[in-house]
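Down below is the structure, laid out as structure tokens.
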Amino acid sequence: MNKDIVLDVRGVSKTYETNDGNNTIAIKNLDLIVRRNEMVAVMGRSGSGKSTLINVITGIMEADQGQVYIDGENVFDLSGERVASFRRKHVGIVFQNYNLIDSLTIDENIRVPLIIDGKQDGIDEKVLHIAQIVGISSILYKYPYEVSGGQQQRAGICRALVNKSKIIFADEPTGNLDAKSADQVMNCFEDACRENESSLLIVTHDAKVASHCDRVIFLQNGCVALEMEKKSKDIADFYNSILETQKEVLV
Ligand SMILES: Nc1ncnc2c1ncn2[C@@H]1O[C@H](COP(=O)(O)OP(=O)(O)OP(=O)(O)O)[C@@H](O)[C@H]1O
Ligand SMILES: [Mg+2]
């Protein structure tokens, strides 16, 4: 096992069976790796298989074929409570619609994964620490409906990070946010990933969001069509190359 690789997706396929008999091949024999501390964006036109990929990797949906290793563990081999427990401990998921529990405060929402795992030790400090990193310590005792979309999303990021997950998966987490909030959310991911030594796999349509990442993978018809690596620290440079490539790949 290569210790530098935190996510290893091998030959994963997923076909949806539909009532009219026209099955859709959403993901085709796909290989993908994410390294430790690496931030990777997944782009591609609508229907290219981005959400299916995330759902299959995170176990929200079952794959037809292939293997997924997270930190060396073959996650398709786990079953029942072991899957749920592995996911809680090692994987963070951030959703487009935040998925916070409305009857709990932001602080309580962030605590949920720690409480389920019985990790009460130092819980107050852990929550406060991660809330400070993503800049929401002043709204911890408000309810989700009392704060902005960007703040809710940052709470979602805290919840995904509070367990110090090895890898965070996010499917269009900035899809409902304005450009400024999207930028803040990406800065939070960067700070939090650096602090926790986590990696990120993020689906986005937004070249600006993708330019925060180290690498961009373009999907086309369920396959990896192209990959781009950030060569310099210059975000603007990377943004322009992503835009150019997007024009070519998304036609
Ligand atoms: N539950 C489903 N049943 C049948 N087909 C589906 C289902 N979900 C997705 N598909 C099909 O699988 C393909 C991939 O869909 P997927 O949702 O992964 O795309 P996506 O890249 O996330 O698109 P978007 O950018 O619009 O979110 C599409 O052709 C879609 O119509
Ligand atoms: Mg999608």
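Order of appearance sets the numbers: ligands from 1, and atoms from 1 within every ligand. Position 1 is the first residue of the sequence, and the numbers go up from there.
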Before giving the answer on side chain to side chain contact (heavy atoms under 4.5 Å, CB included), spell out for V224 and L30 the whole-Å C-alpha distance, their side-chain angles and the decisive distance to 0.1 Å. CA-CA 7 Å; V224 176; L30 193 141; 4.1 Å; yes
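- Remark: minimum distance from atom 21 (O) of ligand 1 to any protein heavy atom is reached at K50 NZ, 2.8 Å.
- In T18, the part holding a heavy atom less than 4.0 Å from any atom of ligand 1 is the side chain.
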Check step by step if side chain to side chain contact (heavy atoms under 4.5 Å, CB included) holds for D214 and F238. CA-CA 9 Å; D214 304 300; F238 197 38; over 6 Å; no
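- The distance from ligand 1 to the heavy atoms of H205 drops below 4.0 Å at these ligand atoms: 25 (O).
- Checked by distance only, ligand 1 and S48 come closer than 3.5 Å through their nitrogen or oxygen atoms.
- In terms of protein heavy-atom proximity, atom 26 (O) of ligand 1 is nearest to S46 OG, 2.6 Å.
- Checking A26, G175, G222, G47 against atom 20 (P) of ligand 1, the nearest heavy atom belongs to G47.
- Among the backbone and side-chain atoms of S51, an N, O or S atom lies under 2.8 Å from the Mg ion (ligand 2).
- Proximity of a side-chain donor or acceptor of N109 to a complementary backbone N or O of G156 within less than 3.5 Å is not detected.
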Applying side chain to side chain contact (heavy atoms under 4.5 Å, CB included), run through K119 and L114 and close with a yes or a no. CA-CA 5 Å; K119 290 192 197 154; L114 293 174; 4.2 Å; yes
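- Which parts of ligand 1 touch G49 is read off a 4.0 Å heavy-atom cut-off, strictly below it: atoms 14 (C), 18 (O), 19 (O), 20 (P), 21 (O).
- For CG of L78, the number of neighbouring non-hydrogen atoms (other residues, nucleotides, ligands) closer than 6.0 Å is greater than 12.
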Candidate pair I136 and C158, rule side chain to side chain contact (heavy atoms under 4.5 Å, CB included), full reasoning: CA-CA 9 Å; I136 56 162; C158 285; 3.8 Å; yes
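- Not a single protein heavy atom sits closer than 4.0 Å to atom 30 (C) of ligand 1.
- In this structure, the protein non-hydrogen atom closest to atom 17 (O) of ligand 1 is S51 CB, 3.8 Å.
- The protein heavy atom nearest to atom 15 (O) of ligand 1 is T52 OG1, 3.8 Å.
- Defined by atom type and a distance below 3.5 Å, a donor-acceptor pair is present between the side-chain atoms of T18 and D20.
- If you check the side chains of E73 and H90, you find no donor sitting under 3.5 Å from an acceptor.
- Of all protein heavy atoms, the one closest to atom 6 (C) of ligand 1 is Y16 CD1, 3.3 Å.
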